[in-house]
Protein chains: 2
Amino acid sequence: MVRKTKEEAGLTRQQIVDAARAVFHECGVSRTSLEAVARVAGVTRGAVYWHFKGKAELFLAVREEVFSPLLARSHAILDDERYTDPLDAIEASITDFFKVLDECPTLRQVFEIMMLRCEYVDEFAEVQSEALKPSTDLQVKIERAYLRAAECGSLRAGVEPFAVARDTWAFSSGLLHQLLDVGFENGLKAEVPAMVAAHMALRRKG
Amino acid sequence: MVRKTKEEAGLTRQQIVDAARAVFHECGVSRTSLEAVARVAGVTRGAVYWHFKGKAELFLAVREEVFSPLLARSHAILDDERYTDPLDAIEASITDFFKVLDECPTLRQVFEIMMLRCEYVDEFAEVQSEALKPSTDLQVKIERAYLRAAECGSLRAGVEPFAVARDTWAFSSGLLHQLLDVGFENGLKAEVPAMVAAHMALRRKG
DNA sequence: CTTTACATACATGTATGTATGTATATAATA
DNA sequence: TATTATATACATACATACATGTATGTAAAG
């Protein structure tokens, strides 16, 4: 039995992606051989090369599978009209992000792969620069939220919207890195909600 | 002529370290063969293996050479008694850090290697966890500075010293990552002084 | 005379890409 | 509807290319 139905083929593709995530995370992207991925997935390298051009494309698949829904979530919160105060929307999106990170080990794996177990050279340099754009979109959306906060008067007097937007972005990015650098369970995981609250409180009026 | 004087040997060691930095940066640590390092250094693999146990030890040497003086700088500023307001010392240390980063391409190279061109698995996982301790010391020193600021009344009323300390650390770390992710020259390099000033202004009284 | 500071040579393991084989799902045709 | 043709979904096999570690050689320094 060699030829599978389309459905079955999609399943083995998914198995390969799952295996890749696991092996990337354990061995690092460079030291991961496609043969190891195939073995964990229960197939041979033939199957891997059939579904993906090579390691870079496989890496991309691993990332996209997790990142698209994550970005959508953040955008949805920032666009949610039910938040009267834009600062609440910003805080909610950040809080939600770290909550998902806490609850979803798969997401943590992918972040750890991208931040600690991958070298961005050659093919992977492009892969990464391409991944930067959607994050820029989020950044812009946060900037606009701060602008609206300034207009509606919820922002503390004297603070520049653009400046605090960049500050918030750096804060989030830095917090994420620290959490993963030190090992998620070890670090200041418990302090995150307080840190986010404190961060936002600094720029609220009153 | 094979055997060199001690002085000459120290020089070739340095050449190897310099070559390693360059090749690590260009190819990524994994894809760097010690033969490539040797070639760039103008020696053979024999010399590399003589001076270093292997790639991991060489990587460590590349890092230490640049990081020790950098950490010393930051500590010196934070310990400087001439700053009346601890918040000034904190701001100065951060400003100084990004100034050095701007002025020293070698430092940027090493940071880029560590953050974008190295996979922290196996031997390198230990290498990195070991690198985390000195940064923790800095973190603690910043916490203490914020505590003193609270005591001497320069901190805005209602802000918790520990919370803003963590916020500052996340901010710095995040800013560094962003600068290098996007390519130092492209990004918000020009905005850095303003960002640092805005970050500190948020927690100053008045 | 011994150790240092390398260069050279070798033995081995392992990843990669591609080429080829093959059985079956699926579409085309009659 | 039965048959045929073709493309699919892989497995297998091969050819190549490096990187690594170590062992050994060697000339000069100490």
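In what follows, chains carry the letters A, B, and so on, assigned in the order in which the sequence lines appear, proteins first and then strands, with residues in each chain numbered from 1.
DNA chain D is contacted by A/A9, A/T12 of residues 7-15 of chain A, taking any non-hydrogen atom closer than 4.0 Å.
Shown here are the salt bridge (charged side-chain N to carboxylate O under 4.0 Å, His left out) partners of B/E185, two or more places apart in sequence or in another chain: B/R108, B/K189. Applying the side-chain hydrogen bond (donor to acceptor under 3.5 Å, both in side chains) rule to A/E91 yields the partners A/R204; only residues at least two apart in sequence or on another chain are considered. A/D137 pairs by the salt bridge (charged side-chain N to carboxylate O under 4.0 Å, His left out) definition with nothing, not counting sequence neighbours. In this view, A/Q109 satisfies the side-chain hydrogen bond (donor to acceptor under 3.5 Å, both in side chains) rule with no residue, not counting sequence neighbours.
Counted by atom type alone, A/Y120 and A/S129 present zero donor-acceptor pairs between their side chains at under 3.5 Å. Judged by distance alone, the side chains of A/T168 and A/R203 do bring a donor and an acceptor atom under 3.5 Å apart.
Within the 4.0 Å cut-off from OP1 or OP2 of C/dA5, not a single side-chain nitrogen or oxygen of B/K4 is found. Note on B/T5: every side-chain N or O is 4.0 Å or more away from OP1 and OP2 of D/dA28. Residue B/H51 places at least one side-chain N or O under 4.0 Å from the OP1 or OP2 atom of C/dC6.
A perpendicular orientation is assigned to the rings of A/F111 and A/F97, their planes being inclined by more than 60° (bins at 30° and 60°).
Along DNA chain D, the nucleotide nearest to B/R39 and the one nearest to A/V48 differ in position, and the one closer to the 5' end is contacted by A/V48. Between B/K6 and B/S33, the residue anchored nearer the 5' end of DNA chain D, judged by the nucleotide with its closest heavy atom, is B/S33.
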Derivation and outcome, side-chain contact (heavy atoms from CB on, under 4.5 Å), residues B/L78 and B/Y83: CA-CA 9 Å; B/L78 287 170; B/Y83 292 103; over 6 Å; no
Protein-nucleic acid N or O pairs under 3.5 Å, nucleotides 17-22 of chain C:
{"from": "C/dG17", "atom 1": "OP2", "to": "A/Y49", "atom 2": "OH", "distance (Å)": "2.2"}
{"from": "C/dG17", "atom 1": "N7", "to": "A/R45", "atom 2": "NH2", "distance (Å)": "2.5"}
{"from": "C/dG17", "atom 1": "O6", "to": "A/R45", "atom 2": "NH2", "distance (Å)": "3.0"}

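We find that CZ of B/R31 is positioned 14 Å from P of D/dT20, with the value rounded to whole Å. One atom, CZ of A/F52, and another, P of D/dA9, lie 13 Å apart when rounded to the nearest Å.
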